[in-house]
Amino acid sequence: MKPLRHMRKLEYVVAAGVAVWAMTPQAMAEDTLKVAVARQGAWDTAVADLGQRAGIFKKHGLTLDLTYPRSEDTIEPAVISGSADVGLAVGIVDVLRAYATKSAPIRIIGANMTGSANYWYVAATSPIKTVKDINGKTIAYSKADASSQYDVFDFMQRYGVKARPVLIAGATPTFDQVVAGKIDVGWATPPFGVDALEQGRIRVVAKANDIPKIRDKTDSVTIVTADTLQKRKDVVDRFVQGYRDTVEWMYSDPAALKAYAEFAGMPEEVARRMRDDFYTKDMLSPNSIVGLDAISKEAAKVRQIWAPLSRKQTAELVQIPAPLRANASAKSGGWFRALSPRSP
């Protein structure tokens with residue numbers, strides 16, 4: 001009889017083990033999220049792709065269907081129409097406008113970029129050595145890039161310099177004119193120009209994040225519709241946690257730089273300089289929207305919205321999921337960890 005009792009106990013153990021295994025991510029069908037992402041190849045918008053490559057979202061029971069629209073302006077409409085579940089790197093003022101005018105039930109589930117990685121540069125042979133040397137010189141900006149347009153005036157106000165802003169359509173024409181000596185100071189957003197910095201062809205004279213008015217505001221966000229947040233809250237929560245985990249990995253594991261270099265099509269040393277010189281980890285943190293009151297007031301001042309958002313409106317618009325605990329979701333593998341015996 002004893003062998004029979006032992007066999008039954010073994011059957012119970014095996015059955016329990018199978019039940020636990022069945023609750024792990026590997027044994028489950030993964031949820032799919034359609035994610036529209038801006039600016040393919042940029043460090044701050046690469047989180048979803050890198051996390052997918054590294055298997056981080058898979059650990060949270062997710063498969064991301066990633067698309068990179070040619071125009072950033074189409075991401076918000078894609079989310080609103082339902083052709084995308086999540087929109088990454090959507091301008092925060094655009095989101096405020098859509099929400100305040102009741103044109104779309106949008107919700108912010110995380111920050112994408114706080115501050116700015118933009119920088120101002122000169123040719124390597126330029127006599128300009130410090131910001132004060134820019135007085136009386138020409139400095140480029142672009143209407144096609146709203147942040148460039150406003151940043152240049154914030155820059156001059158912050159440092160008290162009187163430069164001559166010159167409108168140039170885009171980063172590439174700006175670079176060509178700076179190198180040719182036709183414009184004194186150019187602007188760029190990484191990864192543009194980082195290879196030229198590595199080669200010593202240009203020098204950085206100032207960074208947008210040196211300016212508190214720019215640094216202390218969230219510039220772009222991650223969005224879903226209110227309907228998606230209500231009906232797929234568990235999936236959205238796991239997506240944001242996977243995003244958090246990926247950002248941590250991007251700043252702690254050398255493999256992340258290698259993966260990014262392959263994704264962006266650049267040498268790994270260029271990728272490293274871009275990350276280390278222009279993007280701090282807190283700039284990519286999804287955990288809070290920084291400076292929203294000021295952003296809302298400025299948007300109302302220039303009539304992007306009718307009035308600054310109230311506290312009630314802010315609470316409705318910004319719904320960032322709280323960090324998930326290790327055992328909060330079976331699909332994140334938490335149940336397996338909770339039920340598995342500890343190692344001796």
Side-chain angles (χ1 to χ4, degrees), residues 38-39 42 44 72-73 89-97 111-123 126-179 181-190 192-193 197 202-221 277-280 283 289-305 307-309:
R39 305 191 311 280
D44 59 303
E72 296 177 26
D73 295 339
V90 181
I92 191 168
V93 175
D94 294 333
V95 174
L96 290 179
R97 187 191 308 115
N112 170 254
M113 177 71 168
T114 295
S116 172
N118 286 2
Y119 63 96
W120 290 275
Y121 64 91
V122 296
S126 171
I128 296 174
K129 304 298 182 184
T130 68
V131 170
K132 293 300 181 181
D133 296 333
I134 297 174
N135 267 313
K137 306 295 185 181
T138 53
I139 184 169
Y141 75 97
S142 170
K143 278 190 177 180
D145 187 305
S147 62
S148 167
Q149 181 181 0
Y150 294 113
D151 286 1
V152 70
F153 296 104
D154 290 335
F155 167 75
M156 291 191 294
Q157 182 182 30
R158 169 68 176 83
Y159 291 107
V161 297
K162 295 181 179 179
R164 289 183 289 137
V166 177
L167 176 62
I168 303 179
T172 300
T174 297
F175 181 84
D176 292 341
Q177 294 208 36
V178 169
V179 172
K182 296 179 180 179
I183 292 289
D184 296 306
V185 183
W187 68 274
T189 302
F192 187 91
L197 287 168
I202 59 176
R203 290 183 285 104
V204 174
V205 291
K207 297 177 182 178
N209 241 27
D210 295 334
I211 303 168
K213 191 174 182 180
I214 297 172
R215 181 184 64 234
D216 298 338
K217 292 178 185 173
T218 294
D219 180 67
S220 60
V221 294
D277 286 5
F278 297 99
Y279 292 96
T280 58
M283 291 170 69
I289 308 302
V290 180
L292 185 57
D293 286 345
I295 296 167
S296 174
K297 289 176 182 177
E298 288 179 10
K301 186 176 180 180
V302 297
R303 305 199 175 184
Q304 295 277 6
I305 57 178
L309 266 59

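Bear in mind the structure is a predicted one, so any value in this text is a computation, not a measurement.
Looking at Thr218, its side chain does come within 3.5 Å of a backbone N or O of Val290 through a donor-acceptor pair.
Residues satisfying the ring pair (Phe, Tyr, Trp, His ring centres under 6.0 Å) test with Phe155, not counting sequence neighbours, are Trp120, Tyr159. Applying the side-chain hydrogen bond (donor to acceptor under 3.5 Å, both in side chains) criterion to Ser296, with sequence neighbours excluded, gives no partner residue. Taking the side-chain hydrogen bond (donor to acceptor under 3.5 Å, both in side chains) definition, one finds that Gln304 meets it with Arg97, sequence neighbours left out. Applying the side-chain hydrogen bond (donor to acceptor under 3.5 Å, both in side chains) criterion to Asp184, with sequence neighbours excluded, gives Thr138. Under the rule for a ring pair (Phe, Tyr, Trp, His ring centres under 6.0 Å), the partners of Tyr119 that lie at least two apart in sequence or sit in another chain are Tyr121, Phe278.
Taken to the nearest 0.5 Å, the CD1 atom of Ile134 stands 5.5 Å off from the CD1 atom of Ile139. Rounded to the nearest 0.5 Å, atoms CZ (Arg39) and OG (Ser220) are 6.0 Å apart. Between atom CZ of residue Phe175 and atom CD1 of residue Ile183 there is a gap of 14.0 Å, rounded to the nearest 0.5 Å. A distance of 9.5 Å separates CG in Asn112 from CD1 in Ile289, rounded to the nearest 0.5 Å. Trp187 CH2 to Asn118 CG: the interatomic distance, rounded to the nearest 0.5 Å, is 6.0 Å.
Taking both residues in full, the closest heavy atoms of Ala163 and Pro165 are given as O-CD, 3.3 Å, listed atom of the first, atom of the second, then distance. Of all heavy-atom pairs between Val152 and Ala140, the closest is CG2-O, 4.3 Å. Closest non-hydrogen pair, Leu167 versus Ser142, comes out as CD1-CA, 3.9 Å. Looking at every heavy atom in both residues, Thr114 comes nearest to Ala111 through OG1-CB, 4.1 Å.
Exactly one residue among Met156, Lys162, Arg164 makes a side chain to side chain contact (heavy atoms under 4.5 Å, CB included) with Asn135. That residue is Lys162.
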Quick one: do Met283 and Met113 satisfy side chain to side chain contact (heavy atoms under 4.5 Å, CB included)? Show the steps, please. CA-CA 6 Å; Met283 291 170 69; Met113 177 71 168; 3.2 Å; yes
Side chain to side chain contact (heavy atoms under 4.5 Å, CB included) between Tyr141 and Asp151: does it pass, once the steps are laid out? CA-CA 8 Å; Tyr141 75 97; Asp151 286 1; over 6 Å; no
Go through the steps to decide whether Leu292 and Ile92 satisfy the test side chain to side chain contact (heavy atoms under 4.5 Å, CB included), and finish with yes or no. CA-CA 9 Å; Leu292 185 57; Ile92 191 168; 3.9 Å; yes
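Heavy atoms of other residues, nucleotides or ligands lying less than 6.0 angstrom from NZ of Lys301 number 12 at most.
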For residues 203-217, please give each side-chain donor-acceptor pair under 3.5 Å, one per line with the distance, not counting sequence neighbours.
from   : atom 1 : to     : atom 2 : distance (Å)
Arg203 : NE     : Ala124 : O      : 3.4
Arg203 : NH1    : Ile128 : O      : 3.2
Arg203 : NH2    : Ser126 : O      : 2.8
Arg203 : NH2    : Ile128 : O      : 3.1
Lys207 : NZ     : Asp277 : O      : 2.6
Asn209 : OD1    : Ser116 : N      : 2.9
Asp210 : OD2    : Lys207 : N      : 3.2
Arg215 : NH1    : Asn209 : O      : 3.3
Lys217 : NZ     : Glu298 : OE1    : 3.1
Lys217 : NZ     : Glu298 : OE2    : 2.5

